[in-house]
Amino acid sequence: MEDILAILPSPTKETAPFWEGCNRSELLLRACEDCAQVFYYPRLYCPKCGSEKLAWRASAGRGTLYSFTHVGVSFYGPTWESQIPYTLVLVDLDDGPRMLSRLVGPDRDKVKIGDRVRVEFVEFETQKLPYFSIVRE
Amino acid sequence: MPRVTDEAVIIGLGETPVGKLPGLNSVQIQAMAVHDALRSCGLSIRDVDGLINLDPYSFPNSMFATTLAEYLGLKPSFCTTVDVGGTVTGMTMLQQAIWAINSGHCRTAVCVYGENALTGRSPGAHGYMLKNLLGGEEWEEPFGLQGMVSMYALLAQRYFHDYGADESDLGAIAVSTREHALLNPTAMMKKPMTLEDHRRSRIICSPLRLLDCSLVADGGGALVLTGAANARRLGAPMVRMRSFAMRMTHNTVAQMPDIEDLGMRDAGRDAYEAAGIGPEDLDMAQLHDAFTISVLVTIDALGFCEPGGAGDYIRTGATAPGGKCPVNTHGGLLSQAHIGGMLHLVEAVRQLRGEAGRRQVPDARLALVSGNGGIFSLCGVSILERV
């Protein structure tokens with residue numbers, strides 16, 4: 001695994017269970033108990049029906065790549081030069097929502113839209129982060 | 001979608017130099033743009049009782065309309081700050097001014113934006129690095145997303161995939177825009193650009209290269225509005241906002257819908273319908289071009305061609321100087337300067353007044369201006385018309 005630099009999140013009371021889930025290697029999505037909508041990122045109200053009856057549901061952590069970009073310059077100054085190029089991805093999770101993440105692991109330079117990916121929890125300092133890697137069948 | 005009432009009209013336009021304006025802060029730059037706009041229609045600050053502006057992105061301020069009003073010596077009866085994103089902010093300022101004038105809250109209003117985004121940034125800032133810009137930092141920063149370009153890169157990569165487009169399509173609009181800039185003495189970019197120059201420029205976020213990105217710049221622009229009766233009394237050339245529509249679909253990039261469901265298509269349809277025209281009636285289009293991909297997506301969405309056809313459309317020469325519908329006749333954000341899109345509106349008004357010099361579109365009567373805040377998060381389209 002490459003040497004990762006990350007800016008750690010500052011969770012709110014509402015979002016802390018998500019990040020705690022990551023530390024247990026669980027990708028938690030919000031599921032509405034009224035309309036069954038599964039959504040990411042976690043919010044206090046269902047963005048489809050407005051309900052506040054929400055449950056946490058573990059994602060299978062698999063998805064399909066919607067888009068990607070190889071970041072060619074450091075937007076965080078010289079300390080991030082070691083990360084360049086790193087790869088940002090939009091992943092359509094099999095559970096429904098689309099999420100932004102970072103691609104890690106082998107064949108990153110050969111990535112293409114439509115590739116199957118799976119979540120890969122990468123530890124940085126105090127937090128495991130839900131990154132993704134390419135699944136080769 | 002209501003047709004914008006035709007009472008309030010645009011009678012003045014102002015623009016500061018763009019590029020590096022060291023030693024000037026954002027208040028001073030906006031004040032310069034206001035005074036330039038008032039001079040263009042023979043008015044002074046004593047005539048202004050409405051003020052609408054946007055605070056600087058590179059150094060956010062609160063209550064920036066009151067800050068500027070005091071600096072200028074104004075005591076307006078209508079005063080507000082608008083922030084809904086690139087060029088849509090400018091259109092919304094115009095809409096607010098029109099409503100305020102038509103409802104009697106003020107008689108003469110100035111809409112202004114400007115800042116020292118190039119020389120006023122903190123040392124070491126790279127690109128347009130804006131803290132909290134899209135409010136999604138908890139779901140973006142831990143993954144390494146920073147700056148606007150990576151979001152547009154994700155959009156561009158998907159556009160390539162959906163339509164079989166490639167970097168030559170991005171290059172086509174970069175080159176067309178540069179051709180316009182060479183006719184605008186105020187543009188930051190002074191040298192011709194070829195497709196080869198574009199292809200050889202360095203990758204910022206694949207597939208976007210340096211020459212796909214707009215120019216962070218200092219500068220400002222302003223427009224003056226008043227009631228049509230007052231405008232006639234002043235003998236000022238009049239430009240009317242014939243229609244304006246906006247559509248918000250999302251904020252952060254992960255919530256962005258598929259390309260054909262972006263709000264630009266709906267906003268465009270509503271603006272055309274309200275104005276009773278179609279793309280074939282336009283004399284020019286000023287399309288928000290923070291990145292080349294924005295223009296391709298917008299050309300498709302506004303019906304200039306079939307979805308995915310923007311590259312071929314641009315290669316017909318339609319968008320270039322002298323083309324069927326020239327796009328970004330001032331050189332746009334890509335080759336003139338990125339002043340929040342305010343200069344897209346100033347340029348449309350300048351063209352419709354017949355004051356665009358060497359780059360004047362002959363007998364220009366109808367102009368479309370498009371904007372998109374965030375990552376096509378909020379899209380806006382307005383049709384401006386010479387009265």
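The chains referred to below are lettered A, B, ... by the order of the sequence lines, with proteins before strands, and numbering in each begins at 1.
If you tally non-hydrogen atom pairs under 4.5 Å between each of A:G72, A:G114, A:P85 and chain B, the highest count goes to A:G72. Among A:V73, A:T12, A:L88, the residue making the largest number of heavy-atom pairs under 4.5 Å with chain B is A:L88. For the set B:L208, B:V149, B:D258, the entry with the most heavy-atom pairs within less than 4.5 Å of chain A is B:D258.
To the nearest 0.5 Å, the span separating OH on A:Y86 from OG on B:S150 amounts to 7.0 Å. With values rounded to the nearest 0.5 angstrom, B:E140 atom CD is found 12.0 Å from A:I7 atom CD1. Here the straight-line distance linking atom CD1 of B:I259 with atom OG of A:S67 works out to 8.0 Å at 0.5 Å rounding.
The stretch residues 153-175 of chain B places B:A153, B:L154, B:Q157, B:R158, B:H161 near chain A, each with some heavy atom under 4.5 Å from a heavy atom of that chain. Proximity to chain A at a heavy-atom threshold of 4.5 Å picks out B:R202, B:I203 from residues 193-203 of chain B, in numerical order. By a heavy-atom distance cut of under 4.5 Å, A:Y40, A:Y41, A:P42, A:R43 are the residues of residues 32-52 of chain A near chain B, going up by number.
In terms of heavy-atom proximity, A:T69 sits nearest to B:S206 at OG1-O, 2.6 Å.
Atom NZ of B:K190 is surrounded by more than 12 heavy atoms from other residues, nucleotides or ligands within 6.0 Å. B:E306 CD: 12 or fewer foreign heavy atoms inside a 6.0 Å radius.
Listed for the A:R98 side chain is a donor-acceptor partner under 3.5 Å among the backbone atoms of B:M256.
Inter-residue side-chain proximity for B:P142 and A:W19 is flagged as met; some heavy-atom pair is nearer than 4.5 Å. Residues A:F132 and B:F143 form no side-chain contact, since every pair of their non-hydrogen atoms from C-beta on lies 4.5 Å or further apart. The side-chain heavy atoms of B:V253 and A:L100, taken from C-beta on, include a pair separated by under 4.5 Å.
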>> Applying side chain to side chain contact (heavy atoms under 4.5 Å, CB included) to A:S101 and B:W139, what does each step give before you reach the verdict?
In response: CA-CA 8 Å; A:S101 186; B:W139 314 106; over 6 Å; no
>> Walk me through whether A:T15 and B:E138 qualify under side-chain hydrogen bond (donor to acceptor under 3.5 Å, both in side chains).
In response: CA-CA 9 Å; A:T15 65; B:E138 186 174 1; 2.6 Å; yes
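Applying the side chain to side chain donor-acceptor pair (under 3.5 Å) criterion to A:S82, with sequence neighbours excluded, gives no partner residue.
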